[in-house]
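Take a look at the structure set out below.
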2 protein chains.
Amino acid sequence: MNEKVKPKDVLIETASRLFRVRGYCGVGLNDIIEESGVPKGSLYYYFPEGKEQLAIEAINHTKKLVMEEIQTVFGGISNPIDAFQAHVYELSKMFGEGGNPVGSPIGTIAGEKHSTSEPIRLACESAFKDWQSIYTEKFLEADYTRQQSISLAIVFHALIEGGILLALTMKSGKPLEAIAEQIPLLLIKK
Amino acid sequence: MNEKVKPKDVLIETASRLFRVRGYCGVGLNDIIEESGVPKGSLYYYFPEGKEQLAIEAINHTKKLVMEEIQTVFGGISNPIDAFQAHVYELSKMFGEGGNPVGSPIGTIAGEKHSTSEPIRLACESAFKDWQSIYTEKFLEADYTRQQSISLAIVFHALIEGGILLALTMKSGKPLEAIAEQIPLLLIKK
DNA sequence: GTCTATAAGTTGATAGAC
DNA sequence: GTCTATCAACTTATAGAC
């Protein structure tokens, strides 16, 4: 059993955290090596293709973290309305005034790089699709039609990405609270 | 009558367009002076505080453009459900596959800089508030309560910011189309 | 007011010692 | 495998000619 932290993992976790808060272009490799304590030579040993490759692995890391967060909340609540409401309330606490700074999981990177790096865009697209799949499944389990479930997953994913952006910009959990409160009214069945 | 284009306006328009597509950090002043044809010395004559000052004026410019877009669509449609649906359909065409590249109006800048430049964050917050005010007013005119109108404005603003991000990342107008289609179902009155 | 040349620092990336 | 020294290119910003 090896309890030593692997430099590669430290780099991915540090990059993941910094990219969330300041975006791809806002974080230099110097910031990452300084914060992680891993020297630059090692970074290029583990990521020979440089910053872009590290970013893609950081995006995949964040994708996994977010999937686990969603599944933890969704696992305990069968009703999709209640599940989504609980999920957004969790986010409102996370992005509210107090606490240490967290940024949008990958939204900022996607906004910056969608037109200038196809590999990064594809990594972001993959994360978005995987998250939406969990949402879709939740609606399917509650007997929404497949078409309805897919559309509602898109709607709620957009709502969450937008809500996080509003919370960060307003420096307040209020926008996400307002969204959480409205969810039951939005999802009343006809 | 002076029909000469003012260098200051050219700079703001160019910066506004480039920041939308690639974000704040992703655009250098060299890109802006090259694309605008205005030399660097003139940029610092009109914007003595440099890039940050230019960015704030670019954000205010984009804010105005977006307000006019919303009001144009909203002006012709009194029912808020129909108005929002038309607005999102417009966006789905704008951000769909064809056409020249447009980025999120200010969402990317907000995501990048909310924690590292308070003046830029405030400019973004101001734009978000002004857009939401138009949304709120539309619901008030349709006799929603004030509290409901404010909350729904936040919900729909988040939906639009998130929808634009999904469209850019997926390189497709489909997410925004799906959102537009769901709007009537989301806004059924209880 | 307009523009060029250049400064001072930082960026992503590499070469090569150990 | 690990780390340091260094590179060329680029960044924002400035000084000063015209």
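Each chain gets a letter, A, B and so on, in the order its sequence line appears, and its residues count up from 1. As a basis for the values below, the full set of heavy atoms in this structure was taken, side chains included, without hydrogen atoms, waters or symmetry mates.
Going from atom NZ of B:K40 over to atom P of D:dG16 covers 18 Å, rounded to whole Å. Remark: P of D:dG1 and CG of A:L11 are 14 Å apart, rounded to the nearest angstrom.
A cation-pi geometry, defined here as NZ or CZ lying under 6.0 Å from the six-membered ring centre and within 45° of its normal, holds between B:K51 and B:Y24. In this structure, B:K6 is not positioned above the aromatic face of B:Y46 in the sense of NZ or CZ being under 6.0 Å from the six-membered ring centre and within 45° of the axis.
A residue-by-residue look at A:G41 and A:Y24 shows that A:Y24 has its nearest nucleotide of DNA chain C further toward the 5' end.
Heavy-atom distances under 4.0 Å link DNA chain D to no residue of residues 25-35 of chain A. DNA chain C is contacted by B:S42, B:Y45, B:Y46 of residues 42-61 of chain B, taking any non-hydrogen atom closer than 4.0 Å.
Between B:H87 and B:Y135, the angle of the ring planes lies from 30° to 60°, which puts this pair in the tilted group.
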The test is side-chain hydrogen bond (donor to acceptor under 3.5 Å, both in side chains); show your working for A:H157 and A:E161 and say whether it passes. CA-CA 6 Å; A:H157 183 213; A:E161 293 290 341; 3.0 Å; yes
Apply the test salt bridge (Lys or Arg N to Asp or Glu O under 4.0 Å) to residues B:E118 and A:K171: give CA-CA distance (whole Å), side-chain angles for both, the deciding distance (0.1 Å), then the verdict. CA-CA 11 Å; B:E118 188 65 3; A:K171 280 194 163 183; 3.8 Å; yes
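For the pair B:E13 and B:R17, the salt-bridge criterion is not met [side-chain N within less than 4.0 Å of a carboxylate O].
Put simply, the residue from B:Y144, B:F84, B:W131 that forms a ring-ring contact (aromatic ring centres under 6.0 Å, His included) with B:F156 is B:F84. A side-chain contact (heavy atoms from CB on, under 4.5 Å) with B:S16 is found for one member of B:K63, B:K64, B:H61 and no other, namely B:H61.
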